[in-house]
Amino acid sequence: MPEFPRALWFAVAFGLAANVAAAAGLLPGLWILLLPLGNLALLGAGGWVAWRWLGGR
């Protein structure tokens with residue numbers, strides 16, 4: 001497995017945790033912020049991985 005920066009792992013962990021918290025209703029009223037922020041973190045992490053992968057080809 002390639003070595004990924006710590007910020008990438010943090011983005012994935014934050015994205016998953018934010019989406020789970022929003023879906024479970026753990027923080028009522030904050031789901032409107034957590035869901036888009038979690039999705040943006042996951043999209044950013046996926047985009048970074050794709051960019052690095054395509055850049056290495």
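As a basis for the values below, the full set of heavy atoms in this structure was taken, side chains included, without hydrogen atoms, waters or symmetry mates.
Minimum heavy-atom separation, G29 to I32: O-CG2, 3.7 Å.
Under the side-chain contact (heavy atoms from CB on, under 4.5 Å) criterion, L27 pairs with L30, L34, sequence neighbours left out.
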Sequence neighbours excluded and cut-off under 3.5 Å, please list the side-chain donor-acceptor pairs for residues 37-54, or say none.
{"residue": "N39", "atom": "OD1", "partner": "N19", "partner atom": "ND2", "Å": "3.1"}
{"residue": "N39", "atom": "ND2", "partner": "L35", "partner atom": "O", "Å": "3.3"}

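Counting only residues at least two apart or in different chains, side chain to side chain donor-acceptor pair (under 3.5 Å) contacts with residues 23-32 are absent.
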